[in-house]
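This report concerns only the one structure given below.
Proteins come first, then strands; the chains are lettered A, B, ... in the order of their sequence lines, and each starts at number 1. As the structure is a prediction and not an experimental result, all values here were calculated from the model.
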There are 2 protein chains.
Amino acid sequence: MLTVNELALESDTPAHVVRYYLRIGLIQPAAQQENGYRLFTSNDAARLRFIRMAKHLGFTLNEIKQITQHAELGESPCDDVRKIIQQRIHENRAKIEEMMKLQERMEQALEQWDLMPDGIPDGNSVCHLIESVEGSEGHCHTET
Amino acid sequence: MLTVNELALESDTPAHVVRYYLRIGLIQPAAQQENGYRLFTSNDAARLRFIRMAKHLGFTLNEIKQITQHAELGESPCDDVRKIIQQRIHENRAKIEEMMKLQERMEQALEQWDLMPDGIPDGNSVCHLIESVEGSEGHCHTET
DNA sequence: TACAACCTGTGCGTTACACATAGGTCAAGG
DNA sequence: CCTTGACCTATGTGTAACGCACAGGTTGTA
């Protein structure tokens with residue numbers, strides 16, 4: 001039987017993360033000592049390693065919970081797994097594009113600011129650098 | 001004097017977002033009605049538009065709070081603004097790279113799974129699809 | 001006056017942890 | 001036996017930026 005710390009070592013997971021997974025019910029202790037310490041088996045270490053794999057593939061902890069619960073009931077989670085990752089691929093692509101746009105905005109701004117001096121704020125303006133950036137009024141949707 | 005909803009319209013910001021900004025003290029009501037309703041001036045709308053610009057450039061609400069507080073005190077926030085965005089450019093670049101790696105992992109997995117049938121979980125395995133993905137044991141650091 | 005539609009402030013939920021707190025455990029030293 | 005210190009434990013709270021729901025107030029119309 002392993003303690004939290006030993007389980008953490010065995011599964012290559014930080015101990016505070018193991019405790020977090022316990023808190024949200026993603027894993028359960030196999031047994032409990034009289035003093036309240038939680039005890040685990042090597043099977044729990046394997047489960048934790050599975051969780052790390054799934055996270056590495058982009059699954060959220062909630063999805064992993066669903067998957068393991070399905071598996072406990074003997075139902076195949078594979079169909080859901082395929083669907084989730086397809087969805088995640090779409091979402092991730094969109095996020096990456098968004099972040100690349102942001103990257104461009106930031107780099108353009110920094111370049112533009114190179115030619116501008118610092119300013120003292122007055123009642124009208126908070127920071128003229130930020131306010132000078134183009135496209136702040138109608139960047140996404142133009143109203144007729 | 002404007003109500004929350006009118007301020008939201010005036011500044012092109014969703015009303016619930018205005019309420020959130022009020023909650024965290026990013027903006028303050030200029031006055032208060034007897035019934036507790038908060039009232040604003042057109043200056044607050046300008047402030048809100050500034051906040052949206054800064055957010056569009058990747059500043060966090062906390063940073064924006066610092067910037068506006070500096071400006072209130074008559075100190076120029078421009079120096080901080082330059083530093084923050086440089087830092088943000090670095091962070092964002094790293095995040096984008098990380099997400100592109102994830103994207104590749106997900107796409108490779110999905111392709112690989114095309115050739116694999118769904119499986120029924122047994123005691124040893126939770127989801128053989130996920131467990132079949134390479135590089136899960138030693139993706140970052142290989143132990144001797 | 002009754003009713004519906006809308007608006008108000010506020011509390012809680014989200015994700016995946018990080019940190020702090022308060023206390024328990026264990027071996028060494030006196 | 002007691003204490004000290006290092007380490008370990010469980011749990012509460014904080015994070016970013018809102019989204020949603022709730023109970024109640026306000027306004028317009030009949």
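- If you take CZ of B/F59 and P of D/dA17, they are 13 Å apart, rounded to a whole angstrom.
- Computed from coordinates, the B/E34 CD to C/dT8 P distance equals 17 Å when rounded to whole Å.
- In this structure, the side chains of A/L57 and A/R88 stay at 4.5 Å or more apart for every pair of heavy atoms.
- Distance, B/R19 CZ to C/dG11 P: 14 Å, rounded to whole Å.
- The two residues A/L110 and B/R82 make their nearest non-hydrogen contact at CD1-O, 4.2 Å.
- Atom CD of A/E111 has 12 or fewer heavy atoms from other residues, nucleotides or ligands within 6.0 Å.
- Among D/dC18, D/dA17, C/dG9, the nucleotide with an atom closest to any side-chain atom of B/R23 is D/dC18.
- Atom pair B/Y20:OH and D/dT15:P shows a separation of 10 Å (rounding to whole Å applied).
- Distance B/I24 CD1 to C/dT10 P: 15 Å, rounded to the nearest Å.
- Of all nucleotides listed (D/dT9, D/dA17, C/dC17), D/dT9 comes nearest to the side chain of A/V4.
- DNA chain C is contacted by B/G36, B/Y37, B/R38 of residues 35-48 of chain B, taking any non-hydrogen atom closer than 4.0 Å.
- With 3.5 Å as the limit, one finds no donor-acceptor pair spanning the side chains of A/Q112 and A/Q108.
- Formation of a donor-acceptor pair under 3.5 Å by the B/R38 side chain with backbone atoms of B/V4 is not found in this model.
- Under a 3.5 Å cut-off, the side chain of A/R49 and the backbone N or O of A/E10 do form a donor-acceptor pair.
- Taking atom CG of A/L26 as the reference point, atom P of C/dT15 lies 13 Å away to the nearest angstrom.
- Nucleotides of DNA chain D nearest to A/L22 and B/N62 differ in position, and the one nearer the 5' end is that of A/L22.
- Protein atom CG of A/L9 is 9 Å distant from nucleotide atom P of D/dC8, rounded to whole Å.
- Between A/K55 and C/dT15 there is no side-chain polar atom (N or O) within less than 4.0 angstrom of OP1 or OP2.
- Here the side chain of B/N5 is nearest to one of C/dC7, D/dC18, C/dA16, namely C/dC7.
- Side-chain N or O atoms of A/E107 include none that pairs as donor or acceptor with a backbone N or O of B/I89 at under 3.5 Å.
- Here the P atom of nucleotide C/dG24 and the CD atom of A/Q32 are 16 Å apart, to the nearest Å.
- Of the side-chain N and O atoms in A/T3, none sit less than 4.0 angstrom from OP1 or OP2 of D/dC8.
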